[in-house]
Amino acid sequence: MVKFDHLLYGGDYNPEQWLEYPEILEQDLEYMRRAHINTVSVGIFSWAVLEPEEGVFCFGWLEEIVEKLYQNGISVILATPSGARPKWLSDAYPEVLRVDASGHRNFFGGRHNHCYTSPVYREKIKIINQELVRRLGSHPAVKLWHISNEYGGACYCPLCQQEFRRFLKEKYGTIEELNRRWCTTFWSHRYSSFEQIEAPSPRGENELHALKLDWKRFVTERTTDFMRHEIACLREAGSDKPVTTNMMYNFEGLNYPEMAPYVDIISWDSYPVWHKEPETVTASDCGMQHDIMRSLKKQPFLLMESCPSSTNWQKVSKLKKPGMLQAASLQAIAHGSDSVLYFQFRQSRGASEKFHGAVMDHYGGDTRVFREVTCTGASLQSLQELCGTEVRSLAAVLYDWDNRWAMEDAQGPRNKNLFYKETMEKSYRALRKLGLNVDVIDMSKTLEDYRLVAVPMMYLFKEGFAGKLRDFTEQGGTVLMTYWSGIVDETDRCFLGGTPHGLEDVFGLRSTEIDGLYDWESNAAVPVEGQEILRHTYTCRNLCELVEVNGAKSAVALGDALWGSREDVCRTESESDASCCCGAECSVNLLGGRERFGAQVLAVYGSDFYAGTPALTRNAYGKGYAYYICADFEQAFYDELYASAVKEAGVATPPLSEIPLGLEVTQRESETAAYLILQNFGDQDVAIQVTDGSYRMIYGGNAANLKKYETIVLKRDKI
């Protein structure tokens, strides 16, 4: 694990844009000191200045800047410049430019407009990267390598097509196996050799779901392989300093868990749209993204980019209101970041991001934004002891890239707005409202560290995943799975037999149908009398799954909405053997949750032809419990359900008498201390009462009146 001796504060610095203004460069150093900036990233997009002509290197300016930064107590994150290539490279070697899905080679321009497979591009990257190592790799200012910048996109050139075929041959072995796994007999699209396969294209095959899924996996493989090439170039040249690459918010194009093992520390770029929705909603979404990134390695991460002011490429360039910059920055620290870094230090004069917020704007003086940056820097200095501490979680929510790719291309049960991310967020928010740390993990991660795991819309089951959930539940874990789970395998082939595949006995049910609701339709979950999990009726929309509880010949359908008359149902069951007097497997036993017939029904649908059938179930399996959520319910449903499930799972909540609306609670800890970080993202001031007297305040103001955007940090020494 990469450890720093202080929280990193600063951001992207592009001095090559100001070489003709030496007075500005001197002024920058002064303002960095004033703002408590201790780290900057340099070299991103600098290739055209570092190598203005092929083989002609101009590193003097960068060496001078790095040395001046060092003399002023400022560390450097040194970037490889592969995020955008110089014009001479594209002109001399057109093969480095990408080909789009229609088969057309791109013109020069943009950022990641280069082929990751191209031997020429890889060779040129090796040359420039190793030159960086020779010139600056051993400089004491350099603490970390920043590999490229926001990797993304795909190339469809002949070189990449051939690599795709190689990728498939390694995966499937024979073309017969590929045809079988891809179900190519459908529409008579069988292949007789790997050489016949082409990447999905709007001009060609674009409806073979397994092809499209494997192509997306291949794009991650190519990108990761290129990143590893960049890292190998640094290592071959003699640098052993840690590496990172900056990832992006909710990025669909790359499977980040596949890339994570090859970097030493995770970093990402955070640009939430504050002040558009209620701050509590945006804060929850941003916090979840922090937790996704932290969970990739389950270690502290870096906030590599954030904006001090307005973000120019969003639909509306909204200013951060006073206090928001510091609140957002400290939220990153709370969730496990060891840095707050901005894009950018000084606003550029022209081109794409000339109006993107910066520490120093075009005025270049003591602005409101600069004062807030300075205040935030001072706050981080007072919280240095948080650096290197960890966020440890007993609860996790599953969120998987392969699953997302497959489900969103599946063509049913809704071809618009499946709401996968939104469904996952409901579980995440419900747990966070209880003050719990939450990991957000994919199917590859182990579950042994958790007591409760949420599995929303896990349409695709990777090999071994069902067994992992089975073992987790059997050994005492609590799992909460939603509708549309366990439907297909890794190549998007539907499982034969019942679903959720391999877990029918664990959940005590099987799925029979799923109803896609029109946008104007809704249904409801009505609590079953006698159960103690739900107290209220809740609305559901979008998707309603029909399930049959094990042992029943039909789901609990009683023929009229909300049960109707119960006189037509036999109620004279024997308490001794749980048998029904009629001798049949009737629905009576289902209502009582008898183990013989599977899961206990906690709530039923309130309307439509499936009124009275299960909408929420709970099944005891081994030492644990398995809940099944049958429909897309409102947030309040999740809030009540998870409050009960967390208590049942034995997950301890924070030592607060209550958690007011809008209060975000996060905990970091070391071997010797535990930290409780409380932030108010609500519209009202809140009063907080900590029930554990061993906590003491180390940062912030009045817990009895925590104002909007304010943060307090409490510490408890471990015995």
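Ion pairing between Arg166 and Glu221 holds under the 4.0 Å rule for side-chain N and carboxylate O. Taking a cutoff of 4.0 Å between a charged side-chain nitrogen and a carboxylate oxygen, Lys421 and Asp285 qualify as a salt bridge. The pair Arg470-Asp505 meets the salt-bridge criterion, since a charged nitrogen lies less than 4.0 angstrom from a carboxylate oxygen. In this structure, Lys216 does not pair ionically with Asp409, as no charged nitrogen and carboxylate oxygen lie closer than 4.0 Å. Comment: Asp519 engages Arg414 in a salt bridge, judged by a side-chain N to carboxylate O separation of less than 4.0 angstrom.
For the pair Ser427 (side chain) and Ala454 (backbone), a donor-acceptor distance under 3.5 Å is absent. Not one N or O on the side chain of Glu258 forms a donor-acceptor pair closer than 3.5 Å with the backbone of Thr220. With Arg541 contributing its side chain and Leu517 its backbone, the two residues share no donor-acceptor pair below 3.5 Å. A donor-acceptor pair is defined here as one N or O able to donate and one able to accept, closer than 3.5 Å; such a pair exists between the side chain of Trp401 and the backbone of Leu254.
Geometrically, Arg429 does not engage Tyr638 in a cation-pi contact defined by less than 6.0 Å to the ring centre and at most 45° from the axis.
Residues Glu545 and Tyr628 have side chains that bring a donor and an acceptor to within less than 3.5 angstrom of each other. One side chain, Tyr459 or Asp492, offers a donor N or O that lies under 3.5 Å from an acceptor on the other.
Taking the six-membered ring for Trp and thresholds of 30 and 60 degrees, Phe637 and Tyr538 have ring planes more than 60 degrees apart, a perpendicular arrangement. By the 30° and 60° cut-offs, the orientation of the rings of Phe461 relative to Phe465 is perpendicular.
Between Tyr420 and Tyr399, the gap from one ring centroid to the other is short of 6.0 Å.
The side-chain heavy atoms of Phe681 and Ser284, taken from C-beta on, include no pair separated by under 4.5 Å.
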